[in-house]
Visitor: 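If you scroll down you'll find the structure; I have some questions about it.
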Amino acid sequence: MEIKIKHLTKVFPGNPKKHIRDTIAVNDLDITIPDGKLVGLLGPSGCGKSTTLYMIAGLLSPTEGQIFFGDEDVTKLSPEKRGIGLVFQNYALYPHMTVRQNIMFPLQNMKLPKDVIAERTIKYARLVGIEELLDRKPKQLSGGQQQRVAIARALAKRPRVLLLDEPLSNLDARLRLQTREEIKRIQRETGVTTIFVTHDQEEAMSISDEI
């Protein structure tokens, strides 16, 4: 799925009474994300990477500009109608649910048949290498394992686009190396168009097809 971003701008309004000016978080951005590629959005904290990602996801509305998935203008579509999988920096797993239940949860919300849900849960747990952890809860997992659960949950929805927001920043150095190789492998195997936000230049260069 090719993504086209045209004149994308996001302004967070200030407060004149408190002498707080408007903040231009993203300013007239034009980029094309090629179909099936893993593209890194690289830059320092506060430069607008995550804001751009959240506009692509539909969690933030642009002040100006358009977002296209293929030929479809998704600028005003809600997140659930865009066909995106989103992995946050803090994993955002449900602590009271097992790994299996965490992966199944969005599929149940999609009202898929039970056999399809069970099949996809096993398939994507196997793809990310956590099949033996399905009956554990998040607190019983390492940071790297929790990140894999979050990726499996996002992929199980069969998204058109996978969005990763600083997915490795909470991991130690050894796990970061290991997990970024895993992300690259998973992206190659699934072929899903992926956008990877990072402030780490080495990380971006090691994992991305384009930056």
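Please read these numbers as outputs of a predicted model, since none were measured by experiment.
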Visitor: Does the D209 side chain pair with the main chain of L38, one donor and one acceptor, at a distance under 3.5 Å?
Guide: yes
Visitor: Please tell me whether T75 and D73 have a donor and an acceptor in their side chains that are separated by less than 3.5 angstrom.
Guide: yes
Visitor: Each residue besides I24 in its hydrophobic cluster should be listed here, by chain and number; the cluster joins Ile, Leu, Val, Met, Phe, Trp and Tyr at side-chain heavy-atom distances under 4.5 Å.
Guide: V11
Visitor: Classify the side-chain pair S206/R180 by whether it contains a donor and acceptor separated by less than 3.5 Å.
Guide: yes
Visitor: Run the salt bridge (charged side-chain N to carboxylate O under 4.0 Å, His left out) test on K114 and E119 for me, step by step, so that the C-alpha distance in whole Å, both residues' side-chain angles and the decisive distance to 0.1 Å come before the verdict.
Guide: CA-CA 9 Å; K114 287 184 177 180; E119 178 191 345; over 6 Å; no
Visitor: Please tell me whether S208 and E210 have a donor and an acceptor in their side chains that are separated by less than 3.5 angstrom.
Guide: no
Visitor: Check the pair E189, R185 against salt bridge (charged side-chain N to carboxylate O under 4.0 Å, His left out), reporting the backbone distance first and the verdict last.
Guide: CA-CA 6 Å; E189 289 189 25; R185 174 187 65 81; 3.0 Å; yes
Visitor: So do the side chains of Q147 and P167 get within less than 4.5 Å of each other, counting heavy atoms only?
Guide: yes
Visitor: In terms of side-chain heavy atoms, does R158 have a donor or acceptor partner in Y124 at a distance below 3.5 Å?
Guide: yes
Visitor: Do other residues, nucleotides or ligands put more than 12 heavy atoms under 6.0 Å from E202 CD?
Guide: no
Visitor: Can you list the residues that meet the side-chain hydrogen bond (donor to acceptor under 3.5 Å, both in side chains) rule with D28, with sequence neighbours excluded?
Guide: H7
Visitor: Determine, step by step, whether E2 and K4 satisfy the salt bridge (charged side-chain N to carboxylate O under 4.0 Å, His left out) criterion, reporting the C-alpha distance in whole Å, the side-chain angles of both residues, the deciding distance to 0.1 Å, and the verdict.
Guide: CA-CA 7 Å; E2 182 185 71; K4 289 181 183 174; 3.8 Å; yes
